[in-house]
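Input: a single structure, listed below in structure tokens.
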Amino acid sequence: MRVVIAGAGIAGLTAALSLHAAGITDVTVHEAVEELHPLGVGINILPHAIRELIELGLGDRLARIGVATADLTFLTARGQRIWSEPRGLAAGYRWPQYSIHRGRLQMMLLEAVRERLGPDAVVLGSPVTGLGHDADLLVGADGIRSSVRQALFPDEGEPLPGGDVLWRGTTYARPFMTGRSMLMVGDSTQKLVIYPIAPPGDDGTQLINWAVQRAAHVEEVPRGDWNRPIGVERVLPHVEGWHCDELDVRALIAGAHQVFEYPLVDRDPLPYWSTETETGAVTLMGDAAHPMYPTGSNGGTQAVIDARVLAYALGTGQGLTFYEEQRRPVTSNIVLANRGDGPEVILRLAHERAPGGFTDIEDVLPLAEREEIALHYKKLAGFEPATLNARRSWSVPAREP
């Protein structure tokens with residue numbers, strides 16, 4: 001079987017590695033850009049996707065370039081603690097959660113593809129512009145403005161703006177809390193997410209990712225691009241007066257060496273991803289199939305799982321119908337859920353119920369309610385610990401010699 005993949009992002013590269021592991025070795029990845037560089041900022045890969053990368057033999061490489069997230073804490077804008085929970089191995093998963101630089105993750109996957117599939121497996125400066133191909137299957141893994149998706153659904157139009165803007169940056173700073181902690185800080189109008197994305201360097205600092213999300217009017221919605229640079233002075237007024245015992249929020253943002261602006265956009269779920277064309281089968285994955293808001297850290301995670309399930313479906317002979325049955329309903333539900341608050345609803349509820357602060361969080365958001373909010377999203381997105389730990393592997397069993 002011959003497979004052509006459009007796009008050398010996280011989805012496309014993981015798909016190439018997964019197909020190879022499933023015994024499908026005639027795979028070529030076509031990437032539009034002439035050179036790949038470690039661009040972007042931070043990303044969280046949740047345990048159900050880290051499981052897949054570890055089963056692909058990438059666990060040691062992930063550990064070298066990422067941070068195994070230990071805990072997540074929600075704070076009000078005044079710095080009052082709403083909720084804390086363990087993450088990854090500390091939460092009972094059999095696999096960690098990693099916070100990592102998106103570009104470094106992409107480069108690690110690219111290196112692995114070239115090692116296992118050969119140096120010519122990824123063809124740069126080679127955009128896929130339609131449905132025509134010379135393989136048994138074309139996989140559209142070419143992002144939110146996918147040419148493959150556009151060819152399948154030519155009347156769909158532009159990505160849908162949600163009315164919020166995301167300002168993202170990275171800053172070298174001293175570790176805070178455990179050095180492997182995530183913070184969510186906010187109220188009913190905006191939120192700030194902070195987490196380290198690299199181990200500490202020789203100077204004792206580590207690269208810390210931060211993102212501010214708030215309602216804002218942006219004149220021009222960029223083309224689904226995380227790399228639109230802006231000045232940090234655009235962001236600072238929106239965190240004035242915010243207090244956090246764990247670290248100095250304003251100093252962290254002011255010290256950023258790069259800041260990017262991204263108006264939040266997504267697309268409505270599709271009625272199907274796969275079809276037969278005159279030149280062969282076509283399917284979609286990752287942001288080409290289900291672009292979603294970054295609520296709950298699920299974009300890259302779901303792309304990795306798409307890749308593994310597609311390879312399992314093809315490697316076991318169950319085909320694209322099985323792939324869609326397993327992935328399209330789940331990701332469609334996440335896209336729609338992420339248009340709401342996701343697990344970060346805790347920030348809004350705490351602010352609405354106690355805008356002036358509180359003495360005891362139990363009087364505002366009882367523990368049982370906080371636990372239910374957190375568990376509900378984990379179940380929706382497929383990473384409730386007991387279920388994930390018991391789930392079958394998406395690795396294709398080795399064939400008998």
**Beyond-backbone contact of R116 with T25, side-chain heavy atoms, under 4.5 angstrom** = no
**Message:** Pairing donors with acceptors under 3.5 angstrom, does anything connect the side chains of E55 and S395?
**Reply:** yes
**Side-chain donor-acceptor pair present, D71, S181, cut-off under 3.5 Å** = yes
**Request:** Establish, from distance only, whether the side-chain atoms of T129 and S147 form a donor-acceptor pair under 3.5 Å.
**Result:** no
**Request:** Give the C-alpha distance, both sets of side-chain angles, the deciding distance and a yes or no for side chain to side chain contact (heavy atoms under 4.5 Å, CB included) between I253 and T171.
**Result:** CA-CA 7 Å; I253 293 176; T171 305; over 6 Å; no
**Prompt:** Can you check whether L19 reaches V139 side chain to side chain, under 4.5 Å on heavy atoms?
**Reply:** no
**Request:** Decide yes or no for D60 and R64: does some side-chain heavy atom of the first lie under 4.5 Å from some side-chain heavy atom of the second?
**Result:** yes
**Asked** So F383 and Y93, would you call those rings parallel, tilted or perpendicular, with 30° and 60° as cut-offs?
**Response** parallel
**Item:** D266 and H290 side chains, donor-acceptor separation under 3.5 Å
**Value:** no
**Asked** With sequence neighbours excluded, what pairs up with H243 under the ring-ring contact (aromatic ring centres under 6.0 Å, His included) test?
**Response** none
**Item:** Lys/Arg-Asp/Glu bridge criterion (N-O < 4.0 Å) met for R348, E344
**Value:** no
**Request:** Determine whether V232 and Q258 make a side-chain contact, defined as any pair of heavy atoms from C-beta on separated by less than 4.5 Å.
**Result:** no
**Message:** If you define the side chain from C-beta out and look only at heavy atoms, does anything of T295 sit under 4.5 Å from P343?
**Reply:** yes
**Asked** Would one find more than 12 heavy atoms of other residues, nucleotides or ligands at under 6.0 Å from atom CD of E240?
**Response** yes
**Item:** Contact list for residues 380-397, test salt bridge (charged side-chain N to carboxylate O under 4.0 Å, His left out), sequence neighbours left out
**Value:** E52-R391
**Q302 versus R327, side-chain donor and acceptor atoms under 3.5 Å** = yes
**Message:** What I'd like to find out is whether the side chain of L117 reaches to under 4.5 Å of the side chain of R114, using heavy atoms alone.
**Reply:** no
**Message:** So does L72 get a backbone contact from the side chain of R87, meaning a donor-acceptor N/O pair under 3.5 Å?
**Reply:** no
**Message:** Side chains of N298 and Y293 only: does a donor on one sit below 3.5 Å from an acceptor on the other?
**Reply:** no
**Asked** Taking the side chain as C-beta and beyond, is there a heavy-atom pair between E369 and W83 under 4.5 Å?
**Response** no
**Request:** Identify whether the distance between the nearest side-chain nitrogen and carboxylate oxygen of R81 and E246 falls below 4.0 Å.
**Result:** yes
**Prompt:** Would you call the rings of Y272 and F153 parallel, tilted or perpendicular, where under 30° means parallel and over 60° means perpendicular?
**Reply:** tilted
**Message:** For W167 together with H238, are the ring centres under 6.0 Å from each other?
**Reply:** yes
**Message:** Return the CZ to CG distance between F358 and L365, rounded to the nearest 0.5 Å.
**Reply:** 8.5 Å
**Prompt:** Is there a side-chain contact between V282 and L137, using heavy atoms and a 4.5 Å cut-off?
**Reply:** no
**Message:** For the CE atom of M285 and the CG atom of D306, what is their distance to the nearest 0.5 Å?
**Reply:** 6.0 Å
